[in-house]
Amino acid sequence: MTIIELLQVNLLSPMVLAFALGIIATLVRSDLKLPDELYTTLSIYLLLAIGLKGGVALAETSLAVFWAPALATLFLGLIIPVFAYSVARKIGKMTIADAAALAAHYGSVSAVTFAAAQTFLDAVGIRYEGFMPALVAILEVPAIVIALFIAQVAGGPQGGDWREALRELITSKSILLLVGGMIIGWLTGPRGGKEVAPLFVDLFKGALTFFLLELGMVAARRFRDLPSAGLFLLGFGIIMPILNGLLGVWFGSLAGLSVGGSTILGVLAASASYIAAPAAVRIALPQANPGFYLTASLGITFPFNLAIGLPLYYTLALWIVGGQ
Amino acid sequence: MTIIELLQVNLLSPMVLAFALGIIATLVRSDLKLPDELYTTLSIYLLLAIGLKGGVALAETSLAVFWAPALATLFLGLIIPVFAYSVARKIGKMTIADAAALAAHYGSVSAVTFAAAQTFLDAVGIRYEGFMPALVAILEVPAIVIALFIAQVAGGPQGGDWREALRELITSKSILLLVGGMIIGWLTGPRGGKEVAPLFVDLFKGALTFFLLELGMVAARRFRDLPSAGLFLLGFGIIMPILNGLLGVWFGSLAGLSVGGSTILGVLAASASYIAAPAAVRIALPQANPGFYLTASLGITFPFNLAIGLPLYYTLALWIVGGQ
Amino acid sequence: MTIIELLQVNLLSPMVLAFALGIIATLVRSDLKLPDELYTTLSIYLLLAIGLKGGVALAETSLAVFWAPALATLFLGLIIPVFAYSVARKIGKMTIADAAALAAHYGSVSAVTFAAAQTFLDAVGIRYEGFMPALVAILEVPAIVIALFIAQVAGGPQGGDWREALRELITSKSILLLVGGMIIGWLTGPRGGKEVAPLFVDLFKGALTFFLLELGMVAARRFRDLPSAGLFLLGFGIIMPILNGLLGVWFGSLAGLSVGGSTILGVLAASASYIAAPAAVRIALPQANPGFYLTASLGITFPFNLAIGLPLYYTLALWIVGGQ
Amino acid sequence: MELTTVKLVTIIAEAVLEDRLLHDLRHLGARGYTVGTVRGEGTRGIHASEWEGKSLRIETLVNAEVAEKILQHLATAYFPHFAVIAYAMDVQVVRGAKFKGGGGR
Amino acid sequence: MELTTVKLVTIIAEAVLEDRLLHDLRHLGARGYTVGTVRGEGTRGIHASEWEGKSLRIETLVNAEVAEKILQHLATAYFPHFAVIAYAMDVQVVRGAKFKGGGGR
Amino acid sequence: MELTTVKLVTIIAEAVLEDRLLHDLRHLGARGYTVGTVRGEGTRGIHASEWEGKSLRIETLVNAEVAEKILQHLATAYFPHFAVIAYAMDVQVVRGAKFKGGGGR
Ligand SMILES: Nc1ncnc2c1ncn2[C@@H]1O[C@H](COP(=O)(O)O)[C@@H](O)[C@H]1O
Ligand SMILES: Nc1ncnc2c1ncn2[C@@H]1O[C@H](COP(=O)(O)O)[C@@H](O)[C@H]1O
Ligand SMILES: Nc1ncnc2c1ncn2[C@@H]1O[C@H](COP(=O)(O)O)[C@@H](O)[C@H]1O
Ligand code: NA
Ligand code: NA
Ligand code: NA
């Protein structure tokens, strides 16, 4: 497929179109409003489903092939926040708190972007390693910890409650569901997995579509903050994921991942957290302006990755891993 | 099948029985209460699913066969509110506001009655045109606009906010989800449709059953207002859908629809709105008594159409279109 | 299978693991919190699905085989509360109200434990009579009535509103959905059942898994009351279900049930109510301490039955019915 | 514009009591009520509805006499066994007559 | 610590009015609001949003003058046709200036 | 029936602060609390929990001294960086002792 065809497959997928519908609903000021409880339910479902599927796959994976990608992922979680922080401080002239907040978001990962990547690769017909959800879990926390640590070191006592933030991070629902789901999947194996597949596998893409409808509305509400966020943030929200995506794909190829697996590691690196990071940053770095990190992560990077990033990182993976 | 058999197929379907269970739950004062959020979620789901399925079908429809039914539907949307208004004013001696409110409800359409009609025809094994959801969208708004316009002309300035009501109507969630779903379905086509079919197609009848359980409770709560609503409203709520249903079937046959398609157009004409119209009327015609229009639409016409109307309009379509 | 293998099949099933994950989430003070509305929705769904499936099966059952098990179940509903009350009074030295409250809970039944038993037997590959859900309905109410009656007779006027409690019991949502679902299933038969099977059958095990995640969190919140509940309650919560389970299996074998059916009757007898009974007891016996009956029923007996009870009662059924 | 002072009585109660409380309020002379869903903790231990996760917050605007009757009634009929608290305060409304109806029916 | 007294105006209204009411509040000089979801019953019969199951409970902290304007406006623009009630009371806050902005914009 | 006057302190805060606020309240001497879910807008921009759509409305009945301490604490520890507001008022309760416990533990 050419990149145009890939873009078309992606942009005309139900999930991207539902995201666009959500944006439109907000822009025309529709009274459409998904209940908060539905949003919460879908996000719990998606995390658990990703974990379960990954766990079942892990049960059939030799750990020998898993260590290199795991290390590569951990490494990404250490480099990206430092890189993002420097860019935000030096080029963006941001305060320590704001720069560290951005670093936490871009170093961590968005599980929904990951799910969208899986769906995209399925539609294109590309296979990927089954243990990828484990990489999501590995990438989620370290970057946030490092970013908070940078803020602590660079800024002196911050008022925020550092230790509390760390505890909440490790026991946060996204980690708990992802890792818990993986352990359940791993313990119960294919037989147990088959019992719950009608809910956790068959309905996955439909649920993701529903979720993206809501996320489109959320993202569009962030659009109105774009002007006050400024040009730097717009550029950061687009160029940062491209660079991180490239890094991720490259690390994936070094770690011996397939084209599909490298694509996904690229997506993980490129994606910005919007569940774990905001909650942790809000508590540990209350001075950081949510108008910056939420707008960048949800209003710019998420739509960019969803619409353009997925086919882009796949194309990069084809070049780098596939040698095409 | 004889009409008795048709009635039996309909009355013993899970959806009608669930509706009856909802009525019973309210009458025996059970503590059963579906969460509001579930109700909202199911109505969003149903509208989106109807739209999606219609859109995928539309992608495979030649527009040549679509224009006549579309025009016939638009025409129904212009005639029925005028007709309903006259009846309510002349025979029912209602105030301008109350008559216009009824006209808005009966001219517009109930998406759930439409979904029930599809399910009924599927159970009987009758095929219908795939583009019927587009007709739902076409029929939803015009009648409400016309009814509000009648009230404006007949009653002078009404205090209600006309323009605001119109804007809210066009951007209302039912239109947005129905039309949005159709466009998504149309753009993504059968391939994308298949990805989300486990959620949006396979679960449709079950979700409709669940929804009708709730709607049965809602309708039964309206029953206690029946005495104060009076005999006219009772008659209106039953005779109006029959006449409108006949009109709809006839227009359908003129527009070249199949027996199934004409049945559905009859159902659309016969059905009374209970999402878009109440919200618009409440804002634009606050003097109108919700005890009248909600009771007629939800407490009388909806149960009548669900239980008796569906087989009736199908029988009419057999006679008129099928020449039997 | 040996009992070790049975335990393993059970403990490594997605539903038991999800329950364990819920417990862990509470113990590590995770911010994971399922919306109340999801909990309500899932419990409505489970009750309706159990009823529907049972009703469809009942439509194909000869009533000749149904009377003996029905009578045996009714009998269990009369004996167990008297037995449980005596134990709580004599051995536990509890107040009349507290003893009667426990009797109501242990005499009645937990629909979720029933669902878990079905899932367990399915996983092991054991068949059971299709009309078992009818036995759930039969066992639910009588024990509660008897327990309240005992309290009335033993304690004189209790302040609580007895008649109101009874009315609410009979019209309670669990009875309404279970019995209503059965009637719907019975009337609509296999054809209607097939229409809604994707929602009510295929998704059942997944939904149960989700529900148990929440119930794990609920149960774990009861753990902190364990110390104040005392040793008697801990023993009661484990030994009572074993004795009742044995009784249930034995009655099942006398009534001619299969090994699977006797297992399930054992589970029903062993299980303690946590929907109908708490609500009724709270109103009719407000002096009874919820810290006792909720902790015993949800914090001790439910986890015990789920983890160990299911394979245990099945093994008992193998011995008693199967003669192995 | 003339403002009248009426009493706002707020009741926090476990959910299982909804029907009974609303019935009692009407009986004691309240002509309307508003109910919200809350959760909370107090000095009593758990209540049966706790594990279902919610309590009710009931507000009713009444005249001073009815307010006193409601508080009195709650104190005797509910405080001993149920997780219920209540408090009253003065508020200003535009049309006092709507809320100041006579006591009981 | 210095406490200032400001007015807390609470409005119970059918859900369909949300946008209009919040717009009006802003226009009359309120600088913030808090909205909760409730249900209720009053002397009027059903309102269109009833069968969708909910009303709104809107709270806004304002100065006395704005409070009076809000009550006045609700009484003329909403009370006749809509299921709306409102009441005001005095409350103490730490930083009065935040809520005591001038009237209207 | 004897009515006592106690203070009702209401706090509107972004959801992410729940645990910390409840912990602080207990520490400052509150013996109970009630929490509802709301949403709102104020003078500050968005807060991190906004896009998750909710804030908390926490009510606690306390004696005057504890009320003052709570307001004081919120003003210094939360107002600068978080979307938090709070107000206090007098209310009448039947059994004042339940809420009038000593300050802090
Ligand atoms: N001091 C308090 N302030 C606010 N709400 C309270 C207070 N004490 C109790 N409550 C509420 O009343 C309910 C019952 O309290 P209790 O009867 O003390 O367990 C609790 O769940 C809280 O919602
Ligand atoms: N006396 C009252 N006390 C508390 N809330 C009331 C009262 N009267 C009316 N309400 C609330 O205001 C809404 C509209 O009342 P009404 O316009 O009288 O039907 C009701 O749904 C209640 O939520
Ligand atoms: N004047 C006000 N009246 C009522 N609630 C307010 C007011 N100002 C702020 N709030 C509430 O407090 C939260 C935080 O406000 P702020 O810190 O001003 O952004 C808002 O989301 C509102 O829920
Ligand atoms: Na990243
Ligand atoms: Na119509
Ligand atoms: Na039992």
Side-chain angles (χ1 to χ4, degrees), chain E residues 1-13 15 17-40 53-64 66-67 70 87-102 105, chain F residues 5-15 17 28 34-47 49-50 53-92 103:
Chain E
M1 185 184 52
E2 193 146 342
L3 293 181
T4 326
T5 297
V6 299
K7 286 278 177 192
L8 172 66
V9 179
T10 305
I11 307 167
I12 318 279
L17 297 175
E18 172 158 3
D19 283 356
R20 290 172 74 179
L21 284 172
L22 295 183
H23 173 268
D24 292 357
L25 288 184
R26 238 173 276 127
H27 197 75
L28 293 166
R31 294 174 161 197
Y33 63 86
T34 300
V35 188
T37 300
V38 294
R39 55 207 155 80
K54 56 175 190 255
S55 305
L56 303 173
R57 184 178 188 280
I58 305 177
E59 286 181 324
T60 183
L61 290 164
V62 290
N63 66 31
V66 172
I70 291 173
Y87 53 84
M89 68 186 90
D90 286 333
V91 300
Q92 285 88 49
V93 298
V94 176
R95 300 189 187 160
K98 179 175 168 73
F99 310 107
K100 280 195 158 170
R105 1 173 174 162
Chain F
T5 297
V6 299
K7 286 279 178 192
L8 172 66
V9 178
T10 305
I11 307 167
I12 318 279
E14 44 190 304
L17 296 174
L28 293 167
T34 300
V35 188
T37 301
V38 293
R39 55 208 153 81
E41 232 176 83
T43 51
R44 234 163 313 213
I46 54 166
H47 40 87
S49 0
E50 188 206 302
K54 56 178 193 253
S55 305
L56 303 173
R57 184 180 187 277
I58 306 178
E59 287 181 324
T60 184
L61 290 164
V62 291
N63 66 32
E65 181 204 346
V66 173
E68 169 126 17
K69 272 202 253 170
I70 292 173
L71 290 181
Q72 183 77 59
H73 173 69
L74 293 174
T76 57
Y78 293 94
F79 287 7
H81 291 307
F82 294 102
V84 174
I85 66 165
Y87 51 85
M89 69 186 90
D90 285 333
V91 301
Q92 286 89 50

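Protein chains get the first letters and strands the later ones, always in sequence-line order, with residue 1 at the start of each.
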ask   = Is a side-chain donor-acceptor pair under 3.5 Å present for F/E41 with E/Y33?
value = yes

Region of F/I85 in contact with chain E, defined by heavy-atom distances below 4.5 Å = side chain

inquiry  = Less than 4.0 angstrom from a charged side-chain N to a carboxylate O is my criterion; do F/K7 and F/E65 meet it?
reply    = no

remark   = Among E/T34, E/L61, E/L22, the residue with the most heavy-atom pairs under 4.5 Å to chain F is E/T34

inquiry  = Keeping E/T37 on the side-chain end and E/L56 on the backbone end, is there a donor-acceptor pair under 3.5 Å?
reply    = no

Chain E contact via F/A88 - side chain, backbone, both or neither, heavy atoms under 4.5 Å = both

query = Given that the side chain runs from C-beta out, which part of E/I58 has a heavy atom under 4.5 Å from chain F: side chain, backbone, both or neither?
reply = neither

ask   = Between E/D90, E/V35, E/V91, which has the largest tally of heavy atom pairs under 4.5 Å with chain F?
value = E/V35

ask   = Is the backbone N or O of F/A83 less than 3.5 Å from a side-chain atom of F/E14, with the two atoms forming a donor-acceptor pair by type?
value = yes

task = Classify the ring geometry between E/H27 and E/H23 as parallel (under 30°), tilted (30 to 60°) or perpendicular (over 60°).
result = parallel

